[in-house]
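Whatever order the structure lists them in is the order used to number ligands and atoms, beginning at 1. In this chain, residues are counted from 1 in sequence order.
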Amino acid sequence: MITVHHLKKSRSRRVIWLLEELGMPYRLINHQRDPLTRLAPKSLQAIHPLAKAPIMVDGDMVICESGAIIEYILNQSSEHQ
Ligand SMILES: N[C@@H](CCC(=O)N[C@@H](CS)C(=O)NCC(=O)O)C(=O)O
């Protein structure tokens with residue numbers, strides 16, 4: 001199952017929106033921005049060195065770029081139709 005690593009007020013909303021529209025199951029993990037700098041926390045860096053949201057994990061696949069994540073999800077969705 002796809003896991004979406006999410007930051008509030010970030011591009012990860014577009015990934016969540018797409019998964020909801022497609023009715024695909026997914027797990028959501030919320031990460032909190034640093035309250036002073038508003039930057040992403042170290043918890044994101046542990047998943048991908050770019051440490052930007054969104055990050056998507058599906059098995060061994062880890063993608064950190066919303067456009068690439070959207071393309072991956074659309075390919076997965078068409079494979080299962
Ligand atoms: N081009 C990347 C941009 C990723 C990005 O800049 N994410 C921002 C939120 S929209 C972020 O993680 N900001 C926190 C930080 O830079 O520490 C994408 O579309 O996924």
Side-chain angles (χ1 to χ4, degrees):
M1 184 191 292
I2 285 174
T3 299
V4 180
H5 291 271
H6 172 65
L7 266 186
K8 247 187 191 175
K9 295 188 179 170
S10 80
R11 290 169 173 86
S12 41
R13 278 189 296 193
R14 58 180 67 160
V15 173
I16 295 165
W17 173 86
L18 179 63
L19 287 162
E20 290 288 339
E21 283 293 319
L22 293 171
M24 285 174 71
Y26 65 98
R27 190 166 69 110
L28 187 66
I29 299 184
N30 285 295
H31 297 262
Q32 305 302 322
R33 289 178 187 268
D34 181 293
L36 290 179
T37 65
R38 310 305 297 158
L39 291 175
K42 292 266 185 269
S43 55
L44 273 185
Q45 201 165 21
I47 301 152
H48 192 289
L50 287 179
K52 300 278 186 196
I55 302 173
M56 185 221 73
V57 179
D58 187 20
D60 293 338
M61 181 73 71
V62 183
I63 308 178
C64 181
E65 170 58 47
S66 58
I69 293 170
I70 286 167
E71 197 173 337
Y72 178 87
I73 291 169
L74 289 173
N75 284 336
Q76 292 291 310
S77 150
S78 62
E79 274 175 25
H80 291 101
Q81 282 177 2

Has ligand 1 got any nitrogen or oxygen that is less than 3.5 angstrom from a nitrogen or oxygen of K9? no
Distance filter under 4.0 Å to L39 heavy atoms, resulting ligand 1 atoms: 15 (C), 16 (O), 17 (O)
Atom 20 (O) of ligand 1 has as its nearest protein heavy atom S66 N, 2.8 Å
Ligand 1 to A53 polar contact by distance, N or O atoms, under 3.5 Å: yes
Per-atom contacts of ligand 1 with P54, taking only distances under 4.0 Å to non-hydrogen atoms: 20 (O)
Which residue in the set I69, I63, I55 passes side-chain contact (heavy atoms from CB on, under 4.5 Å) when paired with V15? I69
Taking both backbone and side-chain atoms of K52, is any N or O found less than 3.5 Å from an N or O belonging to ligand 1? yes
At a non-hydrogen distance cut-off of under 4.0 Å, which region of L7 contacts ligand 1 (side chain, backbone, both, or neither)? side chain
Protein residue, atom and distance nearest to atom 2 (C) of ligand 1, heavy-atom basis: E65 OE1, 3.3 Å
When only distance counts, is R38 in polar contact with ligand 1, meaning an N/O pair under 3.5 Å? no
What are the two closest non-hydrogen atoms of L44 and K52, and how far apart are they? CD1-C, 4.1 Å
To the nearest 0.5 Å, what is the distance between OH on Y26 and CG on D58? 14.5 Å
Measure centre to centre between the rings of H31 and H5, then say whether the value is under 6.0 Å. yes
So which heavy atom on Q32 is nearest to which on L7, and how close? C-CD2, 4.1 Å
Can you tell me if R33 uses its side chain to pair, donor with acceptor, with the backbone of K8 under 3.5 Å? yes
Counting only nitrogen or oxygen atoms and a 3.5 angstrom limit, does A51 reach ligand 1? no
Within the structure, is a non-hydrogen atom of G67 found at a distance of less than 4.0 Å from ligand 1? no
Is there a path of hydrophobic side-chain contacts, each under 4.5 Å between heavy atoms, that joins M56 and L74? yes
Atoms of ligand 1 under 4.0 Å from any heavy atom of R33, numbered from 1 in the order shown, are 9 (C), 13 (N), 14 (C)
Among all protein heavy atoms, pick out the one at the shortest distance from atom 14 (C) of ligand 1; state its residue, atom name and that distance to 0.1 Å. A40 N, 3.6 Å
Closest protein heavy atom (residue, atom, distance) for atom 9 (C) of ligand 1: S10 CB, 3.5 Å
Tell me the closest heavy-atom pair linking R11 and S66, and the distance in Å. CD-OG, 4.0 Å
How far does CD1 of I29 sit from OG of S43, to the nearest 0.5 angstrom? 9.5 Å
